[in-house]
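A, B, ... follow the sequence lines: proteins, then strands. Residue 1 opens every chain. Given the structure is predicted, the values throughout are model-derived calculations rather than measurements. We use all heavy atoms of the structure for the numbers below, so side chains are in, but hydrogens, waters and symmetry mates are not.
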Amino acid sequence: MINVTLPDGSKREFADGASPLDVAESISKSLAKKALAARVNGELRDLKRPLDADCAVAIVTDKDPDGLELIRHDAAHVLAQAVQALYPDAQVTIGPVIDDGFYYDFARKTPFSTDDFDKIEAKMKEIVDADYPIVREVWEKDAAIAEFKRIGEDYKAQIIDDIIPPGEAITLYRQGDWFDLCRGPHLPSTGKLPKAFKLMKMAGAYWRGDSKNEMLQRMYGTAWANEKDLKEHLTRLEEAEKRDHRKLGRQLDLFHMQEEGRGMVFWHEKGLTLWRVIEAYVRRRLEAANYVEVRTPQVLDRKFWEQSGHWEKYRENMFVCETEEDETLSLKPMNCPGHVQIFKFGQKSYRDLPLRMAEFGACHRYEPSGALHGLMRVRAFTQDDAHIFCREDQIEEETANFITLARSIHADFGMETDHIALATRPEKRAGSDEFWDKAETQMLSAARAAGVEPVIAEGDGAFYAPKLDFVIKDAIGRTWTCGTIQLDYVLPERLGAEYIAEDGQKHRPVMLHRAILGSLERFIGVLIENYAGAFPMWLSPVQVVVAAISDDAAGQYAEDVAAELRKAGLRVEVDRRNETINYKVREHSLAKVPVIAVVGAREAQERKLALRRLGSNGQQIITLDEALVSLAEEALPPDVKRAR
RNA sequence: GCCGGCAUAGCUCAGCUGGUAGAGCACCUGAUUUGUAAUCAGGGGGUCACGGGUUCGAGUCCUGUUGCCGGCACCA
């Protein structure tokens with residue numbers, strides 16, 4: 001007999017060999033029908049896999065996050081089965097679950113096209129209708145390799161060979177005449193897979209994520225518990241597309257890019273206004289946090305980059321030019337070496353530390369063409385860079401303070417950090433294990449001191465030290481690093497930075513590289529998508545449009561109002577065009593101007609404004625004097641507002 | 001950089017199996033002077049990304065290049 005404890009704490013007895021399905025059936029027929037898998041002592045297992053001892057059992061249905069993951073995982077298997085049924089020359093490789101869906105990588109000479117999707121989806125539905133039982137089988141490693149080789153699945157054979165320790169058994173899952181290597185668990189049969197799936201896109205992907213390997217064809221799909229969830233997801237994607245910063249950048253006349261300057265941005269007046277507001281805000285915050293601001297040369301001699309080590313490692317990513325006098329120069333790809341030169345100028349004492357040196361530094365990197373992406377990844381960008389020169393015992397406090405500052409700034413922009421990643425020692429690295437142990441511990445405890453629990457990004461650190469990255473999501477869920485802090489012992493050494501300590505001797509400072517926005521470009525890109533272009537008042541390039549109902553009756557008054565508002569510090573435009581007020585309201589609403597001040601004969605008469613807020617269709621009639629005070633207050637940057 | 005897709009007016013897009021370009025918006029001109037999301041009429045505007053080829057004839061077919069889009073790899 002097996003004693004089973006259910007999630008509500010009740011216990012039931014079952015005969016030996018009973019499975020979670022029997023447990024579900026004993027509870028109710030409908031639960032058994034809805035059951036997809038089970039958690040046995042916390043471990044996710046197949047519904048029909050017999051229980052081996054007394055245990056706790058929780059039935060998993062499609063209401064569970066676990067259930068959804070099973071659905072997606074099975075959808076990947078059904079996809080692979082369908083593809084191989086239709087295209088026997090395609091080999092299977094891997095097919096994991098991802099956010100909102102799954103993908104499967106196939107190896108096949110002929111490219112797949114999205115035109116094949118209808119056919120494949122239809123086949124998938126056939127497989128669901130056929131309701132093949134999904135059966136778990138345990139195989140010897142060598143037998144499994146032989147079997148996959150026999151049927152021509154070289155990639156699978158290689159996976160088993162590489163990842164399974166010798167002698168260990170593996171599991172295969174069989175559905176109909178098709179089977180795949182899989183840890184499981186799976187649904188009890190293909191009929192349990194809801195038909196709420198859809199193939200989304202084709203893409204190339206390197207075998208095992210290594211660009212030295214051949215490229216496979218990746219098919220992305222999405223899968224949900226029901227048709228309604230699928231539809232909602234597709235609607236969400238459509239909505240997200242409207243927030244795309246590249247689209248809004250054009251619509252709102254913020255910036256543009258063109259062929260002759262790949263990865264370079266032409267900032268239009270409105271975009272630059274946004275830029276300057278952001279820059280001014282960050283500058284105030286840095287000043288308040290005791291940073292000093294500097295500016296270093298844009299182009300420097302090759303020798304300088306050789307000394308810093310960049311020439312050797314990143315030559316192919318640098319913009320290099322030659323002069324008539326046979327000098328080789330490079331546009332700076334980063335600001336750090338320049339800052340070290342300022343640090344080295346004259347003598348520094350321990351009393352000068354920590355020295356926080358900031359620069360809105362324009363950097364150029366020749367990024368691989370395929371990496372370019374709107375404002376998010378460009379070749380010319382401006383970092384809100386700073387380097388903190390400090391003693392080793394100041395690292396933790398400086399890091400913690402930085403995290404607090406960065407979080408406060410992100411919060412002022414209404415940005416939600418997806419997570420903070422602690423990137424740890426990479427395979428190729430400088431420094432001893434003791435160094436890395438210490439450095440990683442320092443970063444971690446600094447993060448915790450600032451009230452943050454970082455997500456560990458194994459092996460993602462720079463070669464010289466670990467780093468903490470602030471990761472933010474864009475409209476469609478892609479993640480971007482906005483903000484970082486990196487520990488560096490190497491550059492001060494290479495470039496010979498030193499200070500005089502209390503003992504009168506020369507010592508090497510530690511350098512903390514840090515950025516809060518990352519780059520102005522990327523940050524603005526993320527900002528546009530976060531707000532869908534409808535910026536809060538303080539960021540909005542145009543804060544108020546004064547729209548005259550008729551030029552004869554209120555044109556001059558509109559100009560007067562605008563002049564007053566500008567005097568109060570607001571960014572204002574006047575619209576006296578010979579158009580209906582409906583037309584003007586529509587146009588400025590589409591331009592996402594936060595406040596439209598409508599003025600007609602009545603307002604001109606009474607020195608009033610009819611204010612209309614973006615997103616509401618009511619109006620608020622107030623006197624010009626009241627408006628001057630309240631709008632000016634409303635337009636204050638958050639830090640200035642707090643200081644009042 | 002790699003795999004796949006796409007490229008027509010300022011923008012969004014139509015243009016079937018090849019027969020020498022079209023709409024809406026925007027722009028310009030005129031009329032209208034307007035009360036909270038599109039006033040009416042008229043007009044101008046395109047080497048169909050660029051180069052080569054097939055053809056009597058190419059926006060349409062083939063090919064090369066460039067750029068963009070979606071991923072992968074990269075991101076000091």
Side-chain angles (χ1 to χ4, degrees), chain A residues 103 105 111-115 200-220 241 244 246-247 250-251 256-263 305 308-318 333-337 363 365-374 376-379 381 460-465 467 469 476 478 480-481 484 486 488 490-491 513 518-519 522 547-555 576-591 596-603 610-619 621:
Chain A
Y103 67 76
D105 285 350
F112 286 111
S113 128
T114 47
D115 297 341
M200 303 296 284
K201 52 197 181 192
M202 282 304 310
Y206 295 106
W207 166 237
R208 313 201 118 177
D210 188 334
S211 60
K212 287 196 278 297
N213 291 339
E214 65 271 47
M215 189 153 261
L216 307 172
Q217 299 189 59
R218 179 169 295 180
M219 231 174 253
Y220 283 93
E241 249 172 68
D244 190 313
R246 293 165 296 190
K247 206 170 214 162
R250 179 192 295 288
Q251 281 167 14
H256 86 269
M257 299 169 97
Q258 63 190 49
E259 222 177 291
E260 293 78 0
R262 294 190 70 188
W305 302 108
S308 73
H310 293 108
W311 189 266
E312 189 197 354
K313 266 194 102 78
Y314 303 105
R315 164 69 189 83
E316 69 280 13
N317 291 318
M318 290 163 71
M334 53 191 0
N335 309 298
C336 354
C363 296
R365 297 179 190 176
Y366 187 73
E367 300 284 9
S369 58
L372 302 178
H373 183 101
M376 305 301 199
R377 192 82 181 271
V378 288
R379 285 179 173 163
F381 55 96
D460 273 358
F463 75 94
Y464 49 80
K467 57 178 181 172
D469 284 335
I476 65 165
R478 280 183 286 230
W480 301 95
T481 298
T484 184
Q486 307 174 8
D488 188 357
V490 174
L491 213 54
H513 306 252
S519 82
R522 176 178 293 180
I549 289 174
S550 94
D551 196 47
D552 292 352
R576 297 174 65 171
R577 289 175 303 171
N578 179 12
E579 295 288 351
T580 61
I581 192 64
N582 284 325
Y583 181 87
K584 292 180 187 178
V585 165
R586 176 182 156 80
E587 188 165 284
H588 301 303
S589 297
L590 290 175
I596 302 173
V598 176
V599 293
R602 284 204 298 275
E603 285 76 16
L611 299 184
R612 183 195 166 101
R613 307 270 162 175
L614 183 59
S616 82
N617 35 26
Q619 54 173 335
I621 299 177

Can a side chain N or O of A:Arg250 be found less than 4.0 Å away from OP1 or OP2 on B:G10? no

If only side-chain N and O atoms of A:Arg246 are considered, is one of them under 4.0 Å from the OP1 or OP2 phosphate oxygen of B:G70? yes

Reckon A:Pro111 touches a base, only the sugar-phosphate, or nothing at all at heavy-atom distances under 4.0 Å? sugar-phosphate

Of the listed nucleotides B:G67, B:G70, B:A37, the one nearest the side chain of A:Ser589: B:A37

Taking only residues two or more places apart in sequence, or in another chain, which ones meet A:Tyr220 in a side-chain hydrogen bond (donor to acceptor under 3.5 Å, both in side chains)? A:Arg218

Students often get this wrong, so: under 4.0 angstrom with heavy atoms, is A:Glu603 touching a base, only sugar-phosphate, or nothing? base

Tell me if the CZ atom of A:Phe463 is crowded by more than 12 foreign heavy atoms within 6.0 Å. yes

Which heavy atom of A:Pro337 sits nearest to which heavy atom of A:Leu491, and what is that distance? N-CD2, 4.3 Å

For a quick test of reading the model: is some side-chain N or O of A:Lys212 closer than 4.0 Å to OP1 or OP2 of B:C2? no

Between the base of B:G71 and the side chain of A:Gln217, is there a donor-acceptor distance below 3.5 Å? no

Is the base of B:G1 touched by the side chain of A:Tyr206 through a donor-acceptor pair closer than 3.5 angstrom? yes

With a non-hydrogen cut-off below 4.0 angstrom, is A:Lys247 in contact with a base, only sugar-phosphate, or nothing? nothing

Could you work out which one of B:U12, B:A38, B:U39 sits closest to the side chain of A:Glu579? B:U39

Which is true for A:Gly209 with a 4.0 Å heavy-atom rule: it touches a base, it touches only sugar-phosphate, or it touches nothing? sugar-phosphate

From the list B:C72, B:A76, B:U36, which nucleotide is the closest neighbour of the side chain of A:Met215? B:C72

Separation of B:C69 P from A:Glu241 CD (nearest whole Å): 13 Å

Among B:U39, B:U66, B:G71, the nucleotide that comes nearest once only the side chain of A:Asn582 is considered: B:U39

For A:Ala553, which contact category applies under a 4.0 Å heavy-atom criterion: base, sugar-phosphate, or nothing? nothing

Taken to the nearest whole Å, CZ/A:Arg377 to C1'/B:G1 is 12 Å

For RNA chain B, what dot-bracket results from Watson-Crick or G-U pairs at under 3.5 Å, with [ ] for crossers and | for inter-strand partners? (((((((..((((.....[..)))).(((((.......))))).....(((((..]....))))))))))))....

Look only at the side chain of A:Arg612 and the backbone of A:Gln619, and say whether a donor-acceptor pair between them is shorter than 3.5 Å. no

Have a look at A:Ile549 and say if it touches a base, only the backbone sugar-phosphate, or nothing, with a 4.0 Å heavy-atom cut-off. base

Length of the CE-C1' vector between A:Met376 and B:G71, whole Å: 16 Å

Approximate separation, where rounding is to 0.5 Å, of A:Tyr206 OH and A:Asn213 CG: 10.0 Å

Distance-minimising heavy-atom pair for A:Arg365 and A:Pro333: NE-O, 2.8 Å

Let me know the distance between NE2 of A:His588 and P of B:U36, rounded to the nearest Å. 16 Å

Got a donor-acceptor pair under 3.5 Å from the side chain of A:Arg218 to the base of B:C72? no

Check whether any side-chain nitrogen or oxygen of A:Arg365 sits under 4.0 Å from OP1 or OP2 of B:C74, and answer yes or no. no

Look at the side-chain N and O atoms of A:Lys313 and state whether any lies under 4.0 Å from the OP1 or OP2 oxygen of B:A76. no

Atom CZ of A:Arg250 and atom NE2 of A:His256: how far apart are they, to the nearest 0.5 Å? 9.0 Å

Aromatic rings A:Trp305 and A:His310: how do their planes relate, parallel, tilted or perpendicular, breaks at 30° and 60°? perpendicular

Starting from C1' on B:C3, measure out to OH on A:Tyr103 and report it in whole angstrom. 15 Å

Grab the CZ-P distance between A:Arg522 and B:C75 for me, whole Å please. 13 Å

Which nucleotide, B:G1, B:C75, B:A37, lies nearest any side-chain atom of A:Leu590? B:A37

Remember a base hit wins even if backbone is also touched, and classify A:Ala205 as base, sugar-phosphate or nothing at under 4.0 Å, heavy atoms. sugar-phosphate

Establish, with yes or no, whether the OP1 or OP2 oxygen of B:G35 is under 4.0 angstrom from a side-chain nitrogen or oxygen of A:Tyr583. no

Phosphate oxygens OP1/OP2 of B:G71: is one of them under 4.0 Å from a side-chain N or O of A:Arg478? yes

List for me each residue that meets side-chain hydrogen bond (donor to acceptor under 3.5 Å, both in side chains) alongside A:Glu316, sequence neighbours excluded, and say none if there are none. none

In Å and rounded to the nearest 0.5 Å, what is the CZ to CD distance from A:Phe381 to A:Glu367? 6.5 Å

Heavy atoms under 4.0 Å, any strand shown: does A:Tyr464 hit a base, just sugar-phosphate, or nothing? sugar-phosphate

Does a nitrogen or oxygen in the side chain of A:Arg602 sit under 4.0 Å from OP1 or OP2 of B:G35? no

Do A:Arg208 side-chain and B:C72 base share a donor-acceptor contact under 3.5 Å? no

Find which nucleotide of RNA chain B each of A:Phe112 and A:His310 is nearest to by heavy atoms, and output the residue with the more 5' nucleotide. A:Phe112

Pick base, sugar-phosphate or nothing for A:Tyr220, based on heavy-atom distances below 4.0 Å to the nucleic acid. sugar-phosphate

Identify which nucleotide among B:U39, B:G70, B:A76 has an atom closest to any side-chain atom of A:Thr580, counting heavy atoms from C-beta outward. B:U39

In whole Å, I'd like the distance from the CD1 atom of A:Ile581 to the P atom of B:U39. 11 Å

Describe the nucleic acid contact of A:Gln619 in one word from base, sugar-phosphate, nothing, applying a heavy-atom distance below 4.0 Å. base

For atom CD of A:Glu587 and atom C1' of B:U36, their distance in whole Å: 14 Å

Among B:G67, B:C75, B:A76, the one nearest any side-chain atom of A:Pro333 is B:A76

Within the modelled atom types, does a donor on one side and an acceptor on the other bring the side chain of A:Arg612 and the base of B:A37 under 3.5 Å apart? yes

Does B:C2 have OP1 or OP2 sitting under 4.0 Å from an N or O in the side chain of A:Ser211? no

State whether A:His256 places a side-chain N or O below 4.0 Å from either non-bridging phosphate oxygen (OP1 or OP2) of B:G10. no

Distance check, P atoms only: B:C16 and B:U8, in whole angstrom units. 15 Å

Taking the side chain of A:Asn317 as heavy atoms from C-beta outward, which of B:U33, B:C75, B:A76 is closest to it? B:A76

Pairwise 5' ranking along RNA chain B for A:Gly600 and A:Gly370, keeping only the more 5' one: A:Gly370

Between A:Arg246 and A:Asp244, does any side-chain N to carboxylate O distance fall below 4.0 Å? yes

For A:Ala601, answer base if it contacts any base atom (sugar-phosphate contacts may also be present), sugar-phosphate if it contacts only those atoms, and nothing otherwise; contact means non-hydrogen atoms under 4.0 Å. base

Which distance, rounded to the nearest 0.5 Å, do you find between the CG of A:Asp105 and the CE of A:Met219? 10.0 Å

Starting the side chain at C-beta, find the nucleotide from B:U36, B:A76, B:G67 nearest to A:Tyr314. B:A76

